[in-house]
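In each ligand, atom 1 is the first atom listed, and ligand 1 is the first ligand listed. None of these values were measured; they are calculated from a predicted model.
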Amino acid sequence: MEPIVILGAGLAGLSTAHFLQKPWRLIEKSERVGGLIKTEVIDGCYFDPTGHWLHLRDPEIQELVNTRWLPGQMVRIQRKAGIFTRGVFTRFPYQVNTHGLPPEVVSENLIGYVDAIYGEKGRALREREPRDFEEFILRYMGEGFAKNFMVPYNQKLWTVHPREMSAAWVGRFVPRPSLKEVVDGALGAGSDAVGYNASFLYPREGGIESLARAMLRDLKGGELSLNTEPTSIDWKARKVVLNDGRTLSYSGLVSSVSLPGLVRLLAQGASGVPDEVVAAAKRLRATTVTYVAVAARGPNRQPWHWIYLPEPEFHTYRIGSPSAVYDALAPKDTSTFYVEYSHHGELSPATAEQYAVQDLVRSQMIHSADDVLFAQAREIPHAYVLYDEAYGPAKAEILRFLEHAGIQTAGRYGQWEYSSMEDAILGGRACARTLNG
Ligand SMILES: O=c1ccn([C@@H]2O[C@H](COP(=O)(O)OP(=O)(O)O[C@H]3O[C@@H]([C@H](O)CO)[C@H](O)[C@H]3O)[C@@H](O)[C@H]2O)c(=O)[nH]1
């Protein structure tokens, strides 16, 4: 029997191979597995491609991670995340921790919230589904939270105004506060347990890539090809052509390469794809994130694992600190940071590195530019999938075709969605279960 071919050895591809009960071939273009959880070590400092903190809900995945893949090797960490705005730090999430902000800002947030949830002003939005993400913010948080945090922060993160996006992605990721949470937060009695990542797991050694390596070590029943890329897929003949000249026949195909990338591969294959599917793939958009890996002399000045910066005078939307999360990620007396920039089009590494140093100093995360040991920019070409007007219909068009072609997709970019590491593992499991029959 022909094997199941899996494209991409990130978490979704590794998970597909793990759960398959049939022979598989895993094809990975890079020199090692892990996809976007490959950890880079620079002068003894460990950097993941921005924050990759593991939060798990599914009992089977928890069991696999903690007892099979990385037994006794995960540390549990209580989140310490903050917001830097109006010159002060408050705790994450903003909407339930406004204590410490200037009184007029707290007041605007509270009054806006009460109007939205109970007042006449919020009635129209309460009586129907939000049409876009801005309406979602106004419906569940009100005008003050929208103006003082949610709109400016999200505009920086997504590169478009929240009114240009739907709220289809928010799920568990954006907390919708209760009146008690908002009031307690304004009085300084907010809880630290709010949100999907109030605590998270992280490997004791080797950065988040340790998880991918552990999954690989545990794989059976197939073969991995590194430094290998598909160049076309003939879906009718069920064949994948590879850049090393080989052609693989498959009995099933699971792709975790980006959805537009998959459509391009199919379009280059002998069976082609309908024009409307190619057109749909061109309508899918994502932000590019450039993150700057920075090391600075001296221990962390701030306790924050990461901070959100809504104000436009900062170029970055968020700064994270691996050394603050887990001190084994940096040499003693060194603090490390990833400073994130979302963009469309080019942002040169030199410009991003310059912004990063400025943003770190101005946000009080480091004392002075003179303390910086290195600042190195890296780019994630597709980082956040844009849930704009085109998203739903374009993705549906492509998925209809893939179903017809008998191709399954998994992972954040394979599924073209906003999702977590656990979702990638679950996506792989779902594909494998379907193929196992
Ligand atoms: O105070 C706030 C801050 C943000 N939001 C909204 O929450 C959305 C999700 O934010 P976040 O959890 O930071 O999203 P992301 O998918 O980028 O998170 C990954 O990064 C780490 C960590 O956040 C940083 O390293 C996290 O563990 C990962 O899953 C955001 O879009 C805001 O709209 C809010 O409501 N209140």
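Listed by first and then second residue, the side-chain hydrogen bond (donor to acceptor under 3.5 Å, both in side chains) pairs that reach into residues 89-99 are Arg91-Asn97, Arg91-Asp192, Tyr94-Asn109, sequence neighbours excluded. For residues 168-186, every residue pair satisfying the salt bridge (Lys or Arg N to Asp or Glu O under 4.0 Å) rule, not counting sequence neighbours, is listed here: Arg172-Asp423, Lys180-Asp184. Among residues at least two apart or in separate chains, ring pair (Phe, Tyr, Trp, His ring centres under 6.0 Å) pairs with a member in residues 321-344 are Tyr341-Tyr355.
In this structure a side-chain-to-backbone donor-acceptor pair under 3.5 Å is missing from Arg79 to Trp306.
Using a heavy-atom distance under 4.0 Å as the criterion, the protein contacts of ligand 1 are Gly51, Trp53, His55, Ile83, Phe92, Pro93, Tyr94, Gln95, Phe149, Met150, Tyr153, Asn154, Leu157, Trp169, Phe173, Val174, Pro175, Tyr196, Asn197, Trp306, Tyr308, Arg318, Tyr338, Tyr384, Tyr418.
Contact of the Asn197 side chain with the His55 side chain is registered, since non-hydrogen atoms from C-beta on lie closer than 4.5 Å.
Ring centroids of Trp169 and Tyr391 are separated by 6.0 Å or more, keeping the two rings apart.
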